[in-house]
Engineer: 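Supplied in structure tokens, the structure appears directly below.
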Amino acid sequence: MRALVLSDIHANLDALDALDRVWRGRYDTFDRVIVLGDLVDYGPCPRETIAWVQAHATDVVAGNHDDAMATGGRCGSSARFLAASIATRERLRPTLTADELAYLAALPRTSTITDDERVWQIVHATPRDPLFEYLRPNDAPVEWRAAFERRLAPYVLVGHTHLPFVRLLDNAGLVVNPGSLGMPKDRHPSGSYAIVDGASVEFRRVTYDVDRLIGRLARLELPDAVVEVLIDAFRNGR
């Protein structure tokens with residue numbers, strides 16, 4: 001299986017446009033295009049992002065922000081980003097159609113993919129808590145064992161942390177996080193994604209027009225404090 005793996009697009013159409021330019025729209029060169037949740041919130045273009053995912057992705061799971069957008073429930077954001085999540089969701093939810101909200105609501109919380117040699121579980125956060133658990137790559141081994149002991153496959157693709165990494169599990173397994181295409185938090189503003197080819201993993205970055213994204217945000221007329229947090233996050237990757 002050769003797969004393009006994306007996560008945490010967060011309504012960032014400019015990052016998707018840059019990815020389209022890199023691949024010239026030839027996503028059919030991959031066996032699968034996998035999206036690990038959080039299509040919406042923070043960024044200004046949820047409708048276009050949903051349309052892109054519907055057009056190109058073969059496998060999609062729900063993230064916490066997708067669930068909050070669809071249901072009106074909590075998003076579980078950190079204190080720093082909670083106001084920005086709520087403000088962008090309240091501003092942009094009325095622009096989504098009933099079909100787009102139904103699409104987000106119907107996304108599964110986890111799924112499995114089988115190729116010729118291995119089985120992958122795909123999930124936004126962790127197998128123990130598919131939407132909300134925030135597990136960093138350097139967290140204690142006991143936490144990793146607990147979060148993944150009931151996984152559905154030896155190999156797992158996750159998102160949620162906005163940090164690209166590969167981690168071996170001590171009970172025979174592999175966890176891959178492609179990082180965030182739309183809102184990186186590893187102090188690198190370029191969007192992050194991964195190409196998984198068999199058991200090999202290659203991380204790549206894509207540079208996009210951050211100023212154009214910020215201009216789109218400005219036109220939403222969000223509170224100044226929210227815009228300040230989002231500009232810092234998008235411009236500085238934190």
Engineer: Between Asp129 (side chain only) and Phe132 (backbone N and O only), is there a donor and an acceptor less than 3.5 Å apart?
Structural biologist: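 Yes; judged by distance alone, with no hydrogens or angles, the pair exists.
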
Engineer: When you check the side-chain N and O atoms of Ser190 and Thr207, is any donor under 3.5 Å from an acceptor?
Structural biologist: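 Side chains of Ser190 and Thr207: pair found under 3.5 Å.
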
Engineer: Taking side chain as C-beta onward, heavy atoms only, is His162 less than 4.5 Å from Pro184?
Structural biologist: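 No, their side chains stay 4.5 Å or more apart.
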
Engineer: Do Phe30 and Leu181 sit in the same hydrophobic cluster, where Ile, Leu, Val, Met, Phe, Trp and Tyr count as joined when their side-chain heavy atoms come under 4.5 Å apart?
Structural biologist: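 In one cluster: yes.
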
Engineer: Just wondering, more than 12 heavy atoms not from Glu202 lying within 6.0 Å of its CD?
Structural biologist: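 Enclosed.
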
Engineer: Could you pull out every donor-acceptor pair under 3.5 Å between side chains of residues 37-46 and any protein atom, sequence neighbours left out?
Structural biologist:
unit_1 : atom_1 : unit_2 : atom_2 : d
Asp38  : OD1    : Asn64  : N      : 3.2
Asp38  : OD1    : His65  : N      : 2.9
Asp38  : OD2    : His10  : NE2    : 3.4
Asp38  : OD2    : His124 : NE2    : 3.2
Asp41  : OD2    : His65  : ND1    : 2.7
Asp41  : OD2    : Ser85  : OG     : 3.2
Asp41  : OD2    : Arg89  : NH1    : 2.4
Tyr42  : OH     : Ser77  : OG     : 3.0

Engineer: side-chain contact (heavy atoms from CB on, under 4.5 Å) with Val61: which of Ile122, Leu157, Val123?
Structural biologist: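 Of Ile122, Leu157, Val123, side-chain contact (heavy atoms from CB on, under 4.5 Å) with Val61 is met by Ile122 alone.
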
Engineer: Closer than 3.5 angstrom, by distance alone: can the side chain of Arg93 be matched with the main-chain N or O of Met69 as a donor-acceptor pair?
Structural biologist: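 Between the backbone of Met69 and the side chain of Arg93 there is a qualifying donor-acceptor contact (under 3.5 Å).
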
Engineer: Donor-acceptor pair, distance only, cut-off 3.5 Å: does the side chain of Asp8 make one with the backbone of His160?
Structural biologist: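 Side chain of Asp8 to backbone of His160: a pair is present.
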
Engineer: Any non-hydrogen side-chain atom of Leu16 less than 4.5 Å from a side-chain atom of Glu48?
Structural biologist: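 In short, these two side chains do not touch, never coming nearer than 4.5 Å.
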
Engineer: I'd like to know if the side chain of Tyr27 reaches the main chain of Asp20, judged simply by a donor and an acceptor atom lying under 3.5 Å from each other, with no hydrogens or angles considered.
Structural biologist: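 Side chain of Tyr27 to backbone of Asp20, a donor-acceptor pair under 3.5 Å: yes, one is there.
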
Engineer: By the ring pair (Phe, Tyr, Trp, His ring centres under 6.0 Å) test, which pairs, at least two apart or in different chains, include something from residues 90-120?
Structural biologist: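 Pairs touching residues 90-120 that pass the test: Trp120-Tyr155.
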
Engineer: Are Leu36 and Val5 close enough that some pair of their side-chain heavy atoms sits under 4.5 Å apart?
Structural biologist: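 Leu36 reaches Val5 side chain to side chain.
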
Engineer: Under 4.5 Å between side-chain heavy atoms, hopping through other hydrophobics if needed: is there a path connecting Val158 to Leu131?
Structural biologist: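 Different clusters.
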
Engineer: Can you check whether Val119's main-chain N or O pairs, donor with acceptor, with Thr114's side chain at less than 3.5 Å?
Structural biologist: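 No, because the side chain of Thr114 does not come within donor-acceptor range (under 3.5 Å) of the backbone of Val119.
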
Engineer: Give the minimum heavy-atom separation between Val60 and Val53, together with the two atoms involved.
Structural biologist: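 For Val60 and Val53, the tightest heavy-atom pair comes out as CG2-CG1, 3.6 Å.
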
Engineer: Could you check whether any side-chain N or O of Asp31 sits under 3.5 Å from a backbone N or O of Ala3, counting only pairs where one atom can act as donor and the other as acceptor?
Structural biologist: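 No; judged by distance alone, with no hydrogens or angles, the pair does not exist.
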
Engineer: Ring-plane angle category for Phe148 and Trp144, please: parallel below 30°, perpendicular beyond 60°, tilted otherwise.
Structural biologist: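 Answer is parallel, since the angle falls under 30°.
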
Engineer: Would you please name every residue forming a ring pair (Phe, Tyr, Trp, His ring centres under 6.0 Å) with Tyr208, sequence neighbours left out?
Structural biologist: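 In terms of ring pair (Phe, Tyr, Trp, His ring centres under 6.0 Å), with neighbours along the sequence ignored, Tyr208 is linked to no residue.
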
Engineer: Mark yes or no for whether Arg91, through its side chain, and Leu220, through its backbone, hold a donor-acceptor pair below 3.5 Å.
Structural biologist: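 Yes: the side chain of Arg91 pairs with the backbone of Leu220.
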
Engineer: According to side-chain hydrogen bond (donor to acceptor under 3.5 Å, both in side chains), who are the partners of Thr97, at least two apart in sequence or on a separate chain?
Structural biologist: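 By the side-chain hydrogen bond (donor to acceptor under 3.5 Å, both in side chains) rule, Thr97 matches Glu100.
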
Engineer: Can you give me the closest heavy-atom contact between Leu4 and Tyr193, atom names plus distance?
Structural biologist: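 Of all heavy-atom pairs spanning Leu4 and Tyr193, the closest is CD1-CD1, 3.3 Å.
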
Engineer: Would you sort out whether Gln121 and Ser111 count as a side-chain hydrogen bond (donor to acceptor under 3.5 Å, both in side chains), showing the intermediate values?
Structural biologist: CA-CA 6 Å; Gln121 181 177 1; Ser111 183; over 6 Å; no

Engineer: Pairs under 3.5 angstrom only: tabulate donor-acceptor contacts from the side chains of residues 226-238 to other protein residues two or more places apart or in another chain.
Structural biologist:
unit_1 : atom_1 : unit_2 : atom_2 : d
Asp232 : OD1    : Asn236 : ND2    : 2.7
Asp232 : OD1    : Arg238 : NE     : 3.0
Asp232 : OD1    : Arg238 : NH2    : 2.8
Asp232 : OD2    : Arg80  : NH2    : 2.6
Asp232 : OD2    : Arg238 : NE     : 3.0
Arg235 : NH1    : Asp211 : OD1    : 3.1
Arg235 : NH2    : Asp211 : OD1    : 3.1
Asn236 : ND2    : Asp232 : O      : 3.3

Engineer: Give a yes or no on whether the backbone of Asn138 and the side-chain of Arg136 come within a donor-acceptor separation of less than 3.5 Å.
Structural biologist: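 Checked: no pair found.
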
Engineer: Is the backbone N or O of Val33 less than 3.5 Å from a side-chain atom of Thr58, with the two atoms forming a donor-acceptor pair by type?
Structural biologist: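 Answer holds: yes.
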
Engineer: Is it the case that one hydrophobic cluster holds both Leu213 and Ile9, taking links as side-chain heavy atoms less than 4.5 Å apart, direct or via other members?
Structural biologist: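 Not linked; separate clusters.
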
Engineer: Please determine whether the number of non-hydrogen atoms from other residues, nucleotides or ligands lying under 6.0 Å from atom CZ of Arg32 exceeds 12.
Structural biologist: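 Count over threshold, so yes.
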
Engineer: Residues sharing Ile86's hydrophobic cluster, by side-chain heavy-atom contacts under 4.5 Å among ILVMFWY, directly or via others?
Structural biologist: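 Cluster partners of Ile86: Leu82.
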
Engineer: Report yes or no: does Arg109 contribute a side-chain atom to a donor-acceptor pair with the main-chain N or O of Pro130 at less than 3.5 Å?
Structural biologist: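 Absent.
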
Engineer: Between Arg216 and Asp14, is there a salt bridge with N-O shorter than 4.0 Å?
Structural biologist: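 Yes, this pair counts.
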
Engineer: Identify whether the distance between the nearest side-chain nitrogen and carboxylate oxygen of Arg205 and Asp186 falls below 4.0 Å.
Structural biologist: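 Counted as a salt bridge, because a side-chain N and a carboxylate O are separated by less than 4.0 Å.
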
Engineer: I'd like to check Asp17 versus Arg212 (side-chain heavy atoms, cut-off strictly below 4.5 Å). Are they in contact?
Structural biologist: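 Contact flag for Asp17/Arg212 side chains = yes.
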
